[in-house]
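All figures in this text were calculated on a predicted structure; none of them were measured in a lab. Start at 1 with the first residue, then count along the sequence. All heavy atoms count here, side chains included; hydrogens, waters and symmetry mates do not.
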Amino acid sequence: MSDSAEVHKVSLARTHRTLPIALLRARETVMERFRPMLHSHDMTEQQWRVLRVLRESDELDATALAAGACVLAPSLSRIIKALEDRGLIELSRDPSDGRRAKIRLSDTGHAFIERLAPESAGIYKEIEATVGTARLETLLTELEALIDALKPDT
């Protein structure tokens with residue numbers, strides 16, 4: 001029997017019971033709740049994540065921002081341009097390395113998040129009420145444990 005024939009004998013789990021597909025389905029199901037809010041404010045999911053991460057920091061460089069917002073670097077460049085054009089973020093040069101930009105929320109960006117925060121929090125409360133606070137906390141704890149366990153050693 002050839003090696004390729006052997007490969008075809010490997011049993012795979014049904015896709016709906018695989019971790020990657022289950023995580024993607026869960027993400028889509030959750031984001032379906034937030035998309036109308038974001039769309040009504042002309043905001044993409046990625047732009048919202050970038051703003052939220054910046055809100056939690058004084059300022060970040062692009063590498064840290066991309067990692068925190070789970071955005072690829074090429075996408076982040078476009079997102080930064082769009083958010084800067086809307087006046088939601090400000091860029092400055094890192095004094096220790098002029099090639100590196102530092103990114104922070106502008107006053108307009110802070111005000112924008114404050115306007116959307118009640119609606120976003122309301123959607124989250126609906127999810128929490130549907131799923132249950134304890135179950136949601138357990139899920140988040142388990143997902144963090146999964147991420148930590150699978151992180152490459154650095």
Nearest 0.5 angstrom please: Arg135 CZ to Thr133 OG1, how far?
12.0 Å
Can you hop from Leu140 to Val53 via hydrophobic side chains spaced under 4.5 Å?
yes
Test: side-chain hydrogen bond (donor to acceptor under 3.5 Å, both in side chains). Region: residues 52-78. Which pairs qualify, not counting sequence neighbours?
Arg55-Glu114, Glu59-Arg104, Ser75-Arg78
Pick one: which of Leu88, Leu54, Thr44 meets side-chain contact (heavy atoms from CB on, under 4.5 Å) with Leu83?
Leu88
With heavy-atom distances below 4.5 Å as the criterion, would you say the side chains of Glu90 and Ile103 are in contact?
no
With the side chain counted from C-beta on, respond yes when His41 and Glu119 share a heavy-atom pair under 4.5 Å apart, and no when they do not.
yes
Which heavy atom of Thr108 sits nearest a heavy atom of Gly87, and at what distance?
CB-O, 3.3 Å
Value rounded to 0.5 Å, distance of CD1 in Ile123 from CD in Glu128:
13.5 Å
Going by the rule side chain to side chain contact (heavy atoms under 4.5 Å, CB included), which residues pair with Leu19 if we only count those two or more places apart in sequence or in a different chain?
Leu23, Leu146
Just so I know, are the side chains of Met31 and Leu38 near enough to count as touching, which here means a heavy-atom distance under 4.5 Å?
yes
Same hydrophobic cluster for Tyr124 and Leu51, using side-chain heavy-atom links shorter than 4.5 Å among ILVMFWY?
yes
Looking only at non-hydrogen atoms, find the nearest pair between Gln47 and Ala82 and report the distance.
NE2-CB, 3.5 Å
Any side-chain heavy-atom pair of Thr130 and Ile127 under 4.5 Å
no
Just checking Asp107: does its CG atom have more than 12 heavy atoms from other residues, nucleotides or ligands closer to it than 6.0 angstrom?
no
Given the rule in the side-chain contact (heavy atoms from CB on, under 4.5 Å) test, do Leu91 and Glu84 qualify, once you have shown the distances and angles that lead to the verdict?
CA-CA 8 Å; Leu91 276 67; Glu84 187 178 27; 4.0 Å; yes
Sort and list the pairs that fulfil side-chain hydrogen bond (donor to acceptor under 3.5 Å, both in side chains) and have at least one residue in residues 26-39, not counting sequence neighbours.
Arg27-Glu45, Glu28-Arg35, Arg35-Glu45
Minimum-distance pair of heavy atoms, taken over all atoms of Leu76 and Ala62:
CD2-O, 3.3 Å
Less than 4.5 Å apart, any side-chain heavy atom of Arg86 and any of Phe112?
yes
Would you name the heavy atoms of Trp48 and Met43 that are closest together and state the gap between them?
N-SD, 3.6 Å
Treating Ile, Leu, Val, Met, Phe, Trp and Tyr as nodes and any side-chain heavy-atom pair under 4.5 angstrom as an edge, say whether Leu72 and Leu24 lie in one connected cluster.
no
Same hydrophobic cluster for Val30 and Leu116, using side-chain heavy-atom links shorter than 4.5 Å among ILVMFWY?
yes
How far apart are the closest heavy atoms of Thr18 and Thr15, and which atoms are they?
OG1-O, 2.8 Å
If you measure from SG on Cys70 to CZ on Arg49, what distance do you get to the nearest 0.5 Å?
6.0 Å
